[in-house]
S.K.: 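Dumping the structure here so I can ask a few things about it.
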Amino acid sequence: MNISIFGLGYVGAVTAGCLAKRGHGVVGVDVQKSKVEMFNRGISPIVEPRLDELLRSAKEQGRLRATNKCEEAIEATELSIVCVGTPSRVSGALDLSYVRAVVDQIGNAVRRKDKAHVLVLRSTMLPGSTQLLVDEFLGDLVSTGQLRVHFFPEFLRESTAVADFEDPSLAVVGSKEGQEPSAELLAALFGESAEIVSWPTAEMVKYTCNAFHAAKITFANEIGRIGKQIGVDSRVVMRLVSRDTKLNLSAYYLKPGNPFGGSCLPKDLRALTNCARVNGVQLPMLESLLPSNERHLQSLLTLIAESGQTEACILGLSFKSNTDDLRESAMVEVAQTLLGRGWKLRIYDPALNLAGLVGANKRAIDTKMPHLASLLCPNLKDAVGDSGMILINQKCAPVEELKCWVTEKHHIIDVNGWPELQRLEATYQGFCW
Ligand SMILES: NC(=O)c1ccc[n+]([C@@H]2O[C@H](COP(=O)([O-])OP(=O)(O)OC[C@H]3O[C@@H](n4cnc5c(N)ncnc54)[C@H](O)[C@@H]3O)[C@@H](O)[C@H]2O)c1
């Protein structure tokens, strides 16, 4: 395949070297004359291990050249990859001006070429950007199928970029529905195991990864600061924390849904941040977790209020399935708030046996909801009722059983992401999706 690469900076240069190594013919395009000249001599414009060798051998084998003329590059290739910069403006807003300029030029060149072409955007762009660019510059080409546009986020790290390109940590391709990549393109560029999603999903994956990396580094550094102050070696702590791939380094706590609660997380966060304050250590990230959790609860309450309902059934009152622990459960807060607002409320939670509650758990619920017994329904049919909201916090009844009682008069809010609920007749709303 012949491939043009726009932007011979970090990402573009590595992409060029690696694709040429795979046997593709590569035409680099850049507005900087010096980079074009270096490429044409097989010299890397950036410092990156293994790249000099890749570009030199690509040049020797006649698989690499560069130009500053967009039209010439489009004419000579079937696929273009855009890797130009997307810097921050002073305000922090994303500057798409380089991508806009390149996409405009590519669109005009493809129109003149009058042959099918594929455009792959690799520059990091906020969700909605690919659609905006298509609407502004490429609408006619995409609607006729002359141009297929994919967003393919890049996850390489400088200094190990060639190895990362050859063995990517993740391959996600954003495509327009009905214009998914061909098997040939998957094999040549994206990788056969790449996940195909929508443009904005792929764009969001890139930002989520980078925000997650920043959050992890900040977290480890905050543990380091408090550890140092109280005489604990945070290197040992983080090594041990990282050994837990069941709860710590896993997808387990990475599912958008209900606010965290229970007898441990809020209490232990309060204790740790208090310990830091007492020791004069500032931990802005850890300090922000409980306020963020509270904000999340408020957003659930807003969603509930906006439904216009005044009657609700809560499925699952405790903070997670198969426990009767009601301490600091977000659903207890929701129930209290709805009762305060005059809602008619019913609660279904088969794991909850009020007579069996003891100790701190009993004290907590006796103080917060002394009238809980009058709200609990022992069977699903009565709990769901004929109409109103069903707030589903837990899978405490199978979907097949819910199907018997849920009708189009119900309004479901799915708090934790249970896709099968969309098969029910009720109006469906997801909490965070
Ligand atoms: N650097 C990384 O490690 C990395 C990793 C993943 C993703 N990204 C993303 O990839 C994109 C590129 O990053 P980079 O670090 O390679 O950028 P860079 O600034 O090193 O290179 C961008 C290149 O684009 C060229 N360019 C600008 N306008 C052009 C035009 N109209 N036509 C042709 N070339 C043009 C510039 O001259 C420059 O050589 C950014 O969106 C970045 O966020 C970067």
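Every number for a ligand or one of its atoms is a count from 1 in the order of the listing.
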S.K.: Can M125 be said to touch ligand 1, with heavy atoms closer than 4.0 Å?
M.R.: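 No, M125 has no heavy atom closer than 4.0 Å to ligand 1.
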
S.K.: Do S123 and T86 have side-chain atoms, one donor and one acceptor, less than 3.5 Å apart?
M.R.: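 No - no donor-acceptor pair under 3.5 Å links their side chains.
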
S.K.: Is the gap between the ring centers of F190 and H150 under 6.0 Å?
M.R.: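 For F190 and H150, the ring centres are under 6.0 Å apart.
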
S.K.: Which pair of heavy atoms, one from L8 and one from D30, lies closest together, and at what distance?
M.R.: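 The pair with the smallest heavy-atom distance is N-OD2, 2.6 Å.
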
S.K.: Does a donor on one side chain sit under 3.5 Å from an acceptor on the other, for S318 and Q394?
M.R.: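 A donor-acceptor contact under 3.5 Å links the two side chains.
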
S.K.: For residues N40 and A66, report the shortest heavy-atom separation together with the two atoms involved.
M.R.: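 Between these two residues, the closest heavy atoms are OD1-N, 2.7 Å.
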
S.K.: Which one holds for R157 and ligand 1: side chain close, backbone close, both close, or neither close, with close meaning a heavy atom under 4.0 Å?
M.R.: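 Looking at R157 and ligand 1, no heavy atom falls under 4.0 Å.
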
S.K.: Should the proximity of I46 to ligand 1, defined as any heavy atom under 4.0 Å, be assigned to the side chain, the backbone, both, or neither?
M.R.: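 For I46, there is no contact with ligand 1 at all, from either part.
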
S.K.: For ligand 1 and Y98, I'd like to know whether there is a polar contact (N/O to N/O, distance under 3.5 Å).
M.R.: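 No, since none of the N or O atoms of Y98 sits under 3.5 Å from an N or O of ligand 1.
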
S.K.: Ligand 1 versus Q105, non-hydrogen atoms closer than 4.0 Å: side chain, backbone, both, neither?
M.R.: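 Contact part for Q105 vs ligand 1: neither.
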
S.K.: Is it the case that the side chains of S198 and E177 hold a donor-acceptor pair, with the cut-off being a distance below 3.5 Å and no angle test?
M.R.: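 No, no side-chain donor-acceptor contact under 3.5 Å.
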
S.K.: If we set the cut-off at 4.0 Å for heavy atoms, which region of C83 has an atom near ligand 1: side chain, backbone, both, or neither?
M.R.: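 It is the backbone that gets close, since no side chain atom is under 4.0 Å.
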
S.K.: For ligand 1 and K206, I'd like to know whether there is a polar contact (N/O to N/O, distance under 3.5 Å).
M.R.: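 For ligand 1, there is no N or O atom that lies under 3.5 Å from one belonging to K206.
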
S.K.: Strictly less than 4.0 Å: does any protein heavy-atom distance to atom 21 (O) of ligand 1 fall in that range?
M.R.: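 So far as the 4.0 Å threshold goes, atom 21 (O) of ligand 1 is in reach of a protein heavy atom.
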
S.K.: Taking the six-membered ring where the residue is Trp, are the ring centres of H296 and F431 under 6.0 Å apart?
M.R.: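 Under 6.0 Å, so yes.
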
S.K.: Consider every N or O of D30 and every N or O of ligand 1, then say whether any pair is closer than 3.5 Å.
M.R.: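 N/O-N/O distance under 3.5 Å: yes.
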
S.K.: Going by distance only, is there an N or O of V11 that falls short of 3.5 Å from an N or O of ligand 1?
M.R.: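 Yes.
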
S.K.: If we only count N/O pairs under 3.5 Å, is T86 in contact with ligand 1?
M.R.: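 Yes - when backbone and side-chain N and O of T86 are compared with those of ligand 1, one distance drops under 3.5 Å.
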
